Amino acid sequence: MLRKQIGFLRRKKGWSQAELANRLHISPSTIGMYEQGRRVPTLDIIIAMAQLFEVSLDYLLTGTESCYLKANK
């Protein structure tokens, strides 16, 4: 699910792979590998992506918010 979310959220922001990579200080090919599922981002990168995309970690990792978050809104 993570690989799909990265691509979905990146496109939703209107960013290219190179632009997202620049914001994360990593190479564009690394973003491509994340989106293809050939590589998994480190926890630090996942946290940075969630912040850039302005979503929760739950949403970035699973595509849904946790029950806890929904109950406490």
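Computed from a predicted model, the values in this text were never measured in an experiment.
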Item to complete: Could you pull out all residues at least two apart from Lys4 that satisfy salt bridge (charged side-chain N to carboxylate O under 4.0 Å, His left out)?
Response: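 Lys4 satisfies salt bridge (charged side-chain N to carboxylate O under 4.0 Å, His left out) with no residue once adjacent residues are dropped.
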Counting only pairs under 3.5 Å, give me each side-chain donor-acceptor contact of residues 40-53, with atom names and distances, residues two or more places apart or in other chains.
| from | atom 1 | to | atom 2 | distance (Å) |
| --- | --- | --- | --- | --- |
| Thr42 | OG1 | Ile45 | N | 3.3 |

Fill in: Verify same cluster id: Leu61, Met33 (apolar side-chain graph, 4.5 Å)
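Different clusters: Leu61 never reaches Met33 through Ile, Leu, Val, Met, Phe, Trp or Tyr contacts under 4.5 Å.
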Worksheet item: Hey, what do you get for CD1 (Ile26) to OH (Tyr34), rounding to the nearest 0.5 Å?
Response: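 Answer for the CD1-OH pair, Ile26 versus Tyr34, is 4.0 Å.
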Item to complete: Measure the CZ-CE distance between Phe8 and Met1 for me, rounded to the nearest 0.5 Å.
Response: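 Phe8 atom CZ to Met1 atom CE measures 10.5 Å (nearest 0.5 Å).
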Worksheet entry | Partners meeting side chain to side chain donor-acceptor pair (under 3.5 Å) with Ser16 (sequence neighbours left out) |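 Expected list: none.
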Worksheet item: Can you name the side chain to side chain donor-acceptor pair (under 3.5 Å) partners of Arg23, sequence neighbours left out?
Response: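 With neighbours one apart ignored, the set is Glu19.
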Worksheet entry | Which residues share a side chain to side chain contact (heavy atoms under 4.5 Å, CB included) with Gln17, sequence neighbours left out |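 Side chain to side chain contact (heavy atoms under 4.5 Å, CB included) check on Gln17 returns Arg10, Ile31, Glu35.
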Worksheet item: Who pairs with Thr62 by side chain to side chain contact (heavy atoms under 4.5 Å, CB included), at least two apart in sequence or on another chain?
Response: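 Only Thr64 meet the side chain to side chain contact (heavy atoms under 4.5 Å, CB included) criterion with Thr62.
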Worksheet item: Leu20 versus Ile6: any side-chain heavy-atom pair under 4.5 Å?
Response: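 Sidechains of Ile6 and Leu20: in contact.
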